[in-house]
Amino acid sequence: MAGFGKLRVAVIGAGGAGLCAARHLLSRPDTFAPPVVYEITKNIGGTWVYEERVGCYDNGLPIHSSMYRDLRTNIPKEVMSFPDFPFAKHLPSFVHHTEVRKYLEQYCDHFRLWDHIKFGNSVASVTPVDVKGGWNGLAWNVTSNDGLDHSKSTTERFDAVMVCNGHFYDSYIPAIPGLEKFKGTLMHSHDYRSAEPLAGKSVVLLGAGLSGLDIAMELSSVNAKVILSHGQRPLTCPLPPGVQQAPPVTSVLDDGSLEFKDGERAKPEVFLFCTGYNFTFPFLDEKVGVKVQEHLVWPLYKFLIPPAYPSLFIVGICRAICPFPHFHIQSQFVLSVLDGSFPLPSREDMENDIELDIAARRARGIATRHILKLDSEQWAYNDELARLGGFQPLPSYWSNLYESNKVFRARDMLNYKTYNYTVLENMDWKVHNLHGQQLQKPLAVKKQM
């Protein structure tokens, strides 16, 4: 039962964030009972588990993974790792997705997480309960269904819940007028696995985020004719052969052709959306009041805590971040809240903090849908959580190396994944290209050190 002695925490999801949450909870047996980690699939690793099939599993559950066959990381392993568990030294800086999955399995071995994970368990509901003497007067009922026997549901009570259910599976398709008139193949990158089925085809690929660029390069290698349609500033780095840029698609005309913002038209065989994903928390009780509007999950204090229910934590929803170190910082901050080493402000003060933070971001010209896209602001965010929670921040070279990789990527999208980084004893780093030549650090980033 919750509320007696040690705090019982439920963790929803056994991807990178959920495993990290469990690792930190287990490291503090003085304060926390062993966590219960609910995992809907039969594997750990979440988005890093490659599944060749698309659509649904045999049991009717949707396939969550958006991993494609040849994906290699776009962040060097030297800063992609959890700070307390480096990747194997012999690996290149940019590893294949199978190595990341292996790494997460080794993390489970090392921190002995396996026994705490309930596989094949989908969480049906997470409901707050008023409990006298509970943490902040609250407890949580978590009801889950066993994947093998859906009629068998179990409810357990916890002092706190860490939601780590990921956000790379519910495809977002923007509303484009006339989309139903498109006569070719319509697909989202969630269902993209490899380039061969699109060999030699004409493709309009909407969205030039990292996945969009990566998939455009893969399609180029099988002689697809790709129009990369996006609303950002035109890319200035060399593009792969057969790839050209266009402004966003604004509508689909009666004859099925796509019209771009500049009035140009195209009639591709394939319209591929690389437009990202929706946040979804179908198990959260409505009275918790966590809403998703225009890709913003709110109200959440420090992008984590609903002020009205401060023993619920939504972990890992920030985007354009270095994920594993980010989870490492957020999980420790959650522990500092639960063990009282960081006393939370009042509900009213937290609500004000959220409003001021969002207003400040909007004043800097950030659209609502991009508020969770931290990008270069992630470092200040991570440092603030470490300061408030009184734990070790990330090493200083972390942000410098990560930001340098972004500069190299913008300069040379085709080759940056061949670079290899080395972290030196004195917390500095160096980088070599494929030919073993040491590269100069990007000046813009160097000044920040």
Side-chain angles (χ1 to χ4, degrees), residues 10-19 21-22 36-71 96-105 107-108 113-126 142-156 161-173 185-198 211 214-215 218 270 272-284 292 314-317 323:
V11 177
I12 300 174
L19 297 174
V36 176
V37 183
Y38 295 93
E39 171 51 47
I40 194 168
T41 71
K42 297 183 174 75
N43 304 295
I44 65 105
T47 203
W48 295 99
V49 177
Y50 176 65
E51 170 55 70
E52 201 163 318
R53 290 175 297 179
V54 296
C56 290
Y57 291 107
D58 300 337
N59 63 5
L61 282 173
I63 288 170
H64 278 86
S65 182
S66 301
M67 186 55 61
Y68 40 98
R69 187 191 65 201
D70 297 335
L71 179 137
H96 187 254
H97 65 77
T98 48
E99 293 293 351
V100 183
R101 181 177 176 184
K102 206 183 296 176
Y103 167 82
L104 290 173
E105 287 172 347
Y107 185 82
C108 279
L113 308 182
W114 296 103
D115 291 348
H116 307 285
I117 304 169
K118 293 172 89 157
F119 289 104
N121 268 261
S122 64
V123 171
S125 68
V126 173
V142 176
T143 301
S144 64
N145 299 321
D146 189 306
L148 302 171
D149 177 8
H150 267 303
S151 58
K152 194 181 140 211
S153 75
T154 321
T155 300
E156 286 197 58
V161 178
M162 293 176 74
V163 175
C164 307
N165 68 326
H167 53 89
F168 293 125
Y169 57 87
D170 186 27
S171 309
Y172 167 66
I173 306 253
T185 305
L186 191 66
M187 66 184 287
H188 189 279
S189 58
H190 173 59
D191 294 324
Y192 173 86
R193 292 295 179 265
S194 61
E196 288 82 0
L198 303 179
S211 298
D214 219 22
I215 291 171
E218 289 199 1
V270 180
L272 173 53
F273 285 86
C274 295
T275 44
Y277 297 88
N278 297 306
F279 291 105
T280 171
F281 309 101
F283 44 78
L284 270 191
V292 183
I314 316 261
V315 180
I317 56 168

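Starting from 1, each residue takes its place in the sequence as its number.
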Requested in this report: Verify side-chain contact (heavy atoms from CB on, under 4.5 Å) between I317 and F281, making sure each step is shown before the conclusion.
Outcome: CA-CA 11 Å; I317 56 168; F281 309 101; 4.1 Å; yes

Query raised in the report: Run the side-chain contact (heavy atoms from CB on, under 4.5 Å) check on V11 and L19 step by step: do they pass?
Result: CA-CA 9 Å; V11 177; L19 297 174; over 6 Å; no

Is a side-chain donor or acceptor of [X] paired with a backbone partner of [Y] at a separation under 3.5 angstrom?
X	Y	result
H190	V54	no
D146	S153	no
N121	F119	yes
S122	I40	no
E51	S65	no
S66	F168	yes

What distance do [X] atom [atom1] and [Y] atom [atom2] have between them, rounded to the nearest 0.5 Å?
X	Y	atom1	atom2	result
Y68	S189	OH	OG	8.0 Å
I215	L198	CD1	CG	9.5 Å
R53	D191	CZ	CG	13.0 Å
Y192	L71	OH	CG	10.0 Å
Y38	N165	OH	CG	14.5 Å
D70	D214	CG	CG	9.5 Å

Requested in this report: Please report the C-alpha distance between V37 and L113 in whole Å, then the side-chain angles of each, then the deciding distance to 0.1 Å, and finally whether the side-chain contact (heavy atoms from CB on, under 4.5 Å) criterion is met.
Outcome: CA-CA 9 Å; V37 183; L113 308 182; over 6 Å; no

Could you tell me which non-hydrogen atom of [X] sits nearest to which non-hydrogen atom of [Y], and how far apart they are?
X	Y	result
C164	G18	CB-N, 3.5 Å
M67	T47	CE-O, 3.1 Å
Y169	Y277	N-CD2, 3.4 Å
I173	T275	CA-OG1, 4.3 Å
G45	L104	CA-CD1, 3.9 Å
A21	M162	CB-CE, 3.4 Å

**Report entry** Salt bridge K102-E99, side-chain N to carboxylate O under 4.0 Å
**Finding:**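 Answer for the salt bridge query: yes.
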
Pairwise side-chain contact, [X] with [Y], heavy-atom cut-off 4.5 Å (strictly under):
X	Y	value
V123	V142	yes
I44	I117	yes
K42	V49	no

Requested in this report: Begin with the C-alpha distance, continue with both residues' side-chain angles, and end with the deciding distance and a verdict on side-chain contact (heavy atoms from CB on, under 4.5 Å) for I314 and L284.
Outcome: CA-CA 11 Å; I314 316 261; L284 270 191; 4.0 Å; yes

Query raised in the report: Of the options E52, E218, E196, which is the one that meets R69 in a salt bridge (charged side-chain N to carboxylate O under 4.0 Å, His left out)?
Result: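 It is E196; the other options fail the test.
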
Query - Plane angle bin for H97 and Y50 - parallel if under 30°, tilted between 30 and 60°, otherwise perpendicular - result: tilted

Query raised in the report: Is there a donor-acceptor contact under 3.5 Å linking the side chains of T41 and Y57?
Result: no

Query raised in the report: Under the ring-ring contact (aromatic ring centres under 6.0 Å, His included) criterion, do H167 and F279 qualify, and how do the steps go?
Result: CA-CA 5 Å; H167 53 89; F279 291 105; 5.0 Å; yes

